[in-house]
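Here the structure is laid out as structure tokens; the discussion comes afterwards.
Proteins get letters first, then strands, A, B, ... in listed order; numbering begins at 1 in each.
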Amino acid sequence: MKIRTRFAPSPTGYMHIGNLRTALYEYLIAKAKGGDFLLRIEDTDQKRYVEGATDIIYDTLKMVGINWDEGPDIGGDFGPYIQSERKDLYAPYAHKLVELGGAHYCFCAEREKEYDAEGNEVICKFEDPCKRIPLEEARKRIAAGEPYTIRQTINKTGKSKYEDKVYGIIEIDYDELDEGVLLKTDGFPTYNFANVIDDHLMGITHVVRGSEYLPSTPKYNLMYDTFGWERPVYVHLPPVMKDAQHKLSKRNGDASFQDLLAKGYLPEAIINYIALLGWNPGTEQEIFSIKELEQIFSIDRLNKSPAIFDIVKLTWMNGVYIRNLPAEEFYRLAEPHLADMPANVDKRALAAALQPRIETFGQIAEQVAFVKALPDYAPELFVNKKMKTDIEVARKALPLIKEVLTDQTEWNNDALFAALKSLAEANGMKNGQILYPARIAFSGQETTPGGATELAVVLGKDECLRRIDTAIAKL
RNA sequence: GGUCCCAUCGUCUAAUGGUUAGGACAUCACCCUUUCACGGUGGUAAUAUGGGUUCGAAUCCCGUUGGGAUCACCA
């Protein structure tokens, strides 16, 4: 049978990394077996709807290469793919479930949470009295216009059992299960209900979702069973954590896909990194394109313990992707970050120096700050033990360098390097004793995108000579 | 609190009863070098804990500890 999976986000704001990973795995589970991946928007909670959130979902998935075979925008044989447009479809199933004995009408007021003296939530089991209202009487009250919900009916004896593809056999007492609302007063289904109906109607074979649903899955199974529908294969995923204690959330600065993009991470690197957060290929390869992942992904190599999102490793991986970029492509991506460079600066030369030295595009700004304005640096910068330079050496070297550069006509890296190298030789100095002071004089920075001669090319002759004068004045 | 789940270097993970417990990131050292990077070589670093089972346990079982999830007319 053809595998069908779905990504079913609710449009409530930004796409966070855990969400994206779920979508990725859903996509890969289907694609690895030549199946279909569909997109369904779950907007049954009208109160939480955020304008523009669906576009973020579309854009994000497209950008990382997760393409859906069916969805709200492209349609398909099982539409509509937006739950609010499916609204009228759910109620008949809910009433049907009442008839089959899997649910009942409930007239209780909305439950409010209770808190004890210390402000902790009081957990008490809810026993629905409406369960005992005879069906005929309930129907009369509904006909009379009384507001109602439809609640799942659960026979509280015995144990439920099912197999999850990553967690194995899960057994839970039916007594633990809550008789949750299926159809709300406003006529909308709850997530629990809409999910079951839609997944069945859309022919979803593998339900892939976060492990927080592990304990409530028996409730879904009960519905499948009562309707006489085949249960799907369950694949529950462990959470992505911010640290050992906290799940990654979109609150307070936790990485969202959009945030990472803004900081200069590449979509390919992000997707590669999160694919490995909870899954591994069983080989030592770590760099994968999404196309490669489609070939080799398998459910059995999914991990069941939570994984902490490590921005440091992502950053490293992003650096790998940046270094692998063709020079043209790198320049295209780096250029916007070089927008405020002086007009005479050779941006291509600068970009070439930058490519092996940055891990995110966001790092460009600080690396090139010196080009626009020489920082006010301390003379101590000229001291470097390894290069055997100090202030004395700089005092001797800088005037010599100035002399050579003033006469220099061919202003490119090789020519400049040759000139300075022979200057060192002529004076019985080490290369570093000439080049290190030159680099500091040009940049005023301890670390720079390139060596002295590369900086010289970027800055141009006049500016270099000016900066050497500044340096000499400092000493 | 009840229930469910999880537990290998700091982090992501490999090892599905027999390995000097492997790799990657990070970190440290060295090499290369025109600084910083890149690249190369090497090092530090882990089976939470106590009991079993077994010739043999990271691996199977039980307890403990620690962590997470869940118990909404949110998804």
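- Residue A:Glu446 is in base contact, counting any heavy-atom pair closer than 4.0 Å across all strands shown.
- Taking every side-chain heavy atom of A:Leu214 into account, B:rC5 is the closest of B:rU34, B:rC5, B:rC73.
- Side-chain atoms of A:Ile172 lie closest to B:rC4 of the nucleotides B:rC4, B:rU34, B:rC38.
- A:Asn280 has no side-chain polar atom (N or O) that falls below the 4.0 Å cut-off from OP1 or OP2 of B:rU13.
- A:Arg209 and A:Thr22 are not linked by any side-chain donor-acceptor pair at a separation below 3.5 angstrom, with hydrogens and angles left out of the test.
- The shortest distance between the side-chain N/O atoms of A:Asn192 and the OP1/OP2 oxygens of B:rC74 is not below 4.0 Å.
- Nucleotides B:rU49 and B:rG40, compared at atom P, are 36 Å apart to the nearest Å.
- The partner of B:rC30, taking Watson-Crick or G-U wobble pairs whose two distances both stay under 3.5 Å, is B:rG40.
- The nearest whole Å value for the distance from the CD atom in A:Glu171 to the P atom in B:rU3 is 14 Å.
- Checked by distance alone, A:Tyr191 brings no side-chain donor or acceptor within 3.5 Å of a matching partner on the base of B:rA72.
- Within the nucleic acid shown, A:Asp173 has no heavy atom closer than 4.0 Å to any nucleic acid atom.
- Taking the side chain of A:Pro306 as heavy atoms from C-beta on, and the options B:rG23, B:rC6, B:rA75, the nearest nucleotide is B:rC6.
- Side chain of A:Glu463 to main chain of A:Gly460: no donor-acceptor pair is present (N/O by atom type, distance under 3.5 Å, no hydrogens or angles).
- Between the side chains of A:Thr360 and A:Asn318, no donor-acceptor pair of N or O atoms lies under 3.5 Å.
- Distances from the side chain of A:Glu212 to the nucleotides B:rA69, B:rC73, B:rU34 place B:rA69 closest.
- Nearest-nucleotide positions on RNA chain B place A:Arg301 closer to the 5' end than the other of A:Ala244 and A:Arg301.
- Remark: the separation of the C1' atoms in B:rC4 and B:rU16 is 24 Å, to the nearest Å.
- The partner of B:rG1, taking Watson-Crick or G-U wobble pairs whose two distances both stay under 3.5 Å, is B:rC71.
- Applying the 3.5 Å distance criterion, the base of B:rC73 shares a donor-acceptor pair with the side chain of A:Thr185.
- Residue contacts for A:Ala452: at a heavy-atom cut-off of 4.0 Å it reaches a base atom on one of the strands shown.
- Between the P atoms of B:rC30 and B:rG68, the separation comes to 41 Å (whole Å).
- Across all strands shown, A:Ile358 has no heavy atoms under 4.0 Å from either base or sugar-phosphate atoms.
- Among the protein residues, A:Cys108 comes within range of the nucleic acid bases, having at least one heavy atom under 4.0 Å from a base atom.
- Not less than 6.0 angstrom separates the ring centroid of A:Tyr220 from the ring centroid of A:Tyr234.
- Other residues, nucleotides and ligands contribute over 12 non-hydrogen atoms within 6.0 Å of the CD atom of A:Glu212.
- Under 4.0 angstrom from either OP1 or OP2 of B:rC73 there lies at least one side-chain N or O belonging to A:Arg151.
- Going from atom NZ of A:Lys156 over to atom P of B:rU3 covers 15 Å, rounded to whole Å.
- Side-chain proximity of A:Asp178 to the nucleotides B:rA72, B:rA24, B:rU34 is greatest for B:rA72.
- Heavy atoms of A:Gly278 sit under 4.0 angstrom from primed sugar atoms or phosphate atoms, though from no base atom.
- Nucleotide B:rA37 holds its C1' atom 14 Å from the CD1 atom of A:Ile364, rounded to whole Å.
- Straight-line distance from the CG atom of A:Leu381 to the P atom of B:rC36: 13 Å, rounded to whole Å.
- Among the atoms of the strands shown, only primed sugar atoms or phosphate atoms (P, OP1, OP2) are found under 4.0 Å from some heavy atom of A:Gln245.
- With hydrogens and angles left out, the side chain of A:Thr447 and the base of B:rU35 share no donor-acceptor pair within 3.5 Å.
- With both ends at atom P, the span from B:rG63 to B:rA69 equals 23 Å, rounded to whole Å.
- Aromatic pair A:Tyr273/A:Trp316: centroids not less than 6.0 angstrom apart.
- When both pairing distances are held under 3.5 Å, B:rA48 makes a Watson-Crick or G-U pair with B:rU64.
- For A:Glu286, the listed nucleotide lying nearest its side chain is B:rA24; candidates were B:rG2, B:rA24, B:rU34.
- Among B:rU34, B:rU35, B:rU70, the nucleotide with an atom closest to any side-chain atom of A:Arg439 is B:rU35.
- If you check B:rC12, B:rU34, B:rG39 against the side chain of A:Thr453, the one that comes closest is B:rU34.
- B:rA45 sits 30 Å from B:rG52 when the P atoms are compared, rounded to a whole Å.
- No N or O donor and acceptor, one from the side chain of A:Arg357 and one from the base of B:rC38, sit under 3.5 Å apart.
- Shown here, B:rC25 forms a base pair with B:rG10; the pair counts as Watson-Crick or G-U wobble because both key distances fall under 3.5 Å.
- Nucleotide B:rA58 forms a pair with no other nucleotide shown, judged by Watson-Crick or G-U wobble geometry with both contacts under 3.5 Å.
- Both thresholds, 5.5 Å between centres and 30° between ring planes, are not jointly met by A:Phe188 relative to the base of B:rC73, so the two rings are not stacked.
- Taking atom C1' in both B:rU47 and B:rU20, one finds a spacing of 15 Å when rounded to whole Å.
- B:rG67 and B:rA14 have their C1' atoms separated by 23 Å, given to the nearest Å.
- Taking the six-membered ring for Trp, A:His104 and A:Tyr148 have ring centres at least 6.0 Å apart.
- Counting non-hydrogen atoms under 4.0 angstrom, A:Phe309 reaches nothing in the nucleic acid.
- Taking the ring centroids of A:Trp279 and A:Tyr25, they lie at or beyond the 6.0 Å cut-off.
- Nearest-nucleotide positions on RNA chain B place A:Lys304 closer to the 5' end than the other of A:Lys304 and A:Trp316.
- Counting to the nearest Å, the C1' atom of B:rA37 and the CD atom of A:Glu366 are 13 Å from each other.
- For the pair A:Tyr167 OH and B:rA69 P, the interatomic distance rounds to 12 Å; values are reported in whole Å.
- You'll find that the side chain of A:Glu110 is closest to B:rC73, out of B:rC25, B:rC73, B:rA75.
- A:Asp300 places its CG atom 12 Å from the P atom of B:rA14, with the value rounded to the nearest Å.
- Residue A:Lys313 places no side-chain atom within donor-acceptor reach of the base of B:rA26, judged by atom type and a 3.5 Å distance cut-off alone.
- Of the possible donor and acceptor atoms, none in the side chain of A:Lys304 sits under 3.5 Å from a partner among the backbone N and O of A:Gly278.
- With salt bridges taken as basic N to acidic carboxylate O contacts below 4.0 Å, none links A:Glu85 and A:Lys87.
- An OP1 or OP2 oxygen of B:rU33 is reached within less than 4.0 angstrom by no side-chain nitrogen or oxygen of A:Lys421.
- Rounded to an integer number of Å, the gap from NZ of A:Lys219 to C1' of B:rC74 is 12 Å.
- Going from the C1' atom of B:rC9 to that of B:rC25 covers 12 Å, rounded to whole Å.
- Out of B:rU35, B:rG68, B:rA7, the shortest distance to the side chain of A:Ser305 is found at B:rA7.
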